[in-house]
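First the structure, in the form of structure tokens, and then the observations on it.
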Amino acid sequence: MHLLKFSEWKWSLVLSALFVCAAIFELDAKEQRMTPGRTSTLKKPKLGRTTNKRQRVEMVKPKIKPSAAAQTKTSLTQVLGRGMFKKVGETLSVQTGDTLSLRCRGKPVQWSFPPLVEEDEGRLMIVQQERFSLLTLVNTTVADTGEYTCYPMYCEDRDCRREYNKATKVFIFFPDPRELFIPSSSHYEMIQLRRNWPAVLPCQVTSPEAKVTLHREFPPGEVAVDGTEISFSNRKGFTIHRPRPHHAGVLQCVANLGNLMQSSTKYILIYVNYPMAPPVPVIQASSSSVAVGDNLRVTCAAEGERDVYMEFNWEYPAQQIGRPLYTEETMIPGSGEASRLQFQSVLQVDEVRDVDQGTYTCTAQNIQGAKSVSTTVKVVSKAKDKKLRV
Ligand SMILES: *[C@@H]1O[C@H](CO)[C@@H](O)[C@H](O)[C@H]1NC(C)=O
């Protein structure tokens, strides 16, 4: 009884200590938010330094060894001015040319952001402070549009890894009244369409307010975007969810905002016959036991798509002594969908000899992969065979 009470008391002590810690932390956070004059933890980053920021991001190492306990989910705020913060939602718009300042709670943390060309690396700066990491991007352009993510790091000794499930992200638009699409480096972009693999036309807009439509060059016309077969997201572009051959052609996105109308890069969509999966062959010998002098047939079959190349390769016991390979390959309609076929390769062994006894392996291959199957065949002498039958 007494012991139990003591342990209860101990627990309440631990809990209240935790509570006090949490309260101090909260207070501190509030204080930071409410005292704009405080500069010790919110030093204005010195911009224009030419160290390689990206490397620095990768090399963040904790000075103190964090406990094995994982960090909590990060939280992202936009720094609007000295001591002025705004919690970010899913998206954010920052006028091009302005400075983007994001603050993420956690130590250590890592950031990911749209790729910067080398000459632009000087525009980015990341500073790890006591409990926050501050990302600053100056002289922003439409090309900075994209996803900005802050990952807390889980560290054990010196090994740190990103905790993806505790990351916080925000999609940031950098609208420019003259550029409705994020510029592309080329006039044309080739996109492969494969049956049932979603294809994305990455015409990303710089402003969430822009109205975007999809157009076909020939025959000219607007493509219906029903949200199911084809959908649009202002963070991604158009997605063709289950491509079919009729989706192929030259397409272009058109954005409208105010009295401005602009076209994106041209997308050349090419439909390719691509297998859904590696083949799954099945092997079968005409008989698992053959008499010397008889004929043997080993059949290897796999289902595949029409117009998709499938190759069969064989390994057989008499290969080592140079017995030539006789195969016969056929295609017959499959039992299910019309687009599926049954591919078959039959290995013929005429006048079986002792050397033909052993393992027969067939490998079926398409561009997605290869799979092998084997079966064993026993060769028996004719005489012995007769004796057994008597
Ligand atoms: C930002 O733009 C200003 C004005 O064009 C320029 O003087 C400054 O060097 C730029 N800063 C960086 C880091 O590129």
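As the structure lists them, so they are numbered: ligands from 1, and atoms in each ligand from 1. Note that the numbering runs from 1 along the sequence shown for the chain.
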Per-atom filter on ligand 1: closer than 4.0 angstrom to a heavy atom of Val138 are 13 (C)
Atoms of ligand 1 under 4.0 Å from any heavy atom of Gly122, numbered from 1 in the order shown, are 13 (C)
Between the side chains of Glu311 and Asn313, does any donor sit under 3.5 Å from an acceptor?
->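 Asn313 and Glu311 do have a side-chain donor-acceptor pair below 3.5 Å.
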So, Ser231 versus His241: side-chain donor-acceptor pair below 3.5 Å or not?
-> yes
Using the side-chain hydrogen bond (donor to acceptor under 3.5 Å, both in side chains) rule, pick out the option among Gln204, Glu90, Glu147 that qualifies with Arg235.
-> Glu90
Residues in ring-ring contact (aromatic ring centres under 6.0 Å, His included) with Tyr274, at least two apart?
->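 Tyr274 satisfies ring-ring contact (aromatic ring centres under 6.0 Å, His included) with Trp197 only.
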Report yes if Asn139 has an N/O atom closer than 3.5 Å to an N/O atom of ligand 1; otherwise report no.
->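 Yes; at least one N/O pair falls below 3.5 Å.
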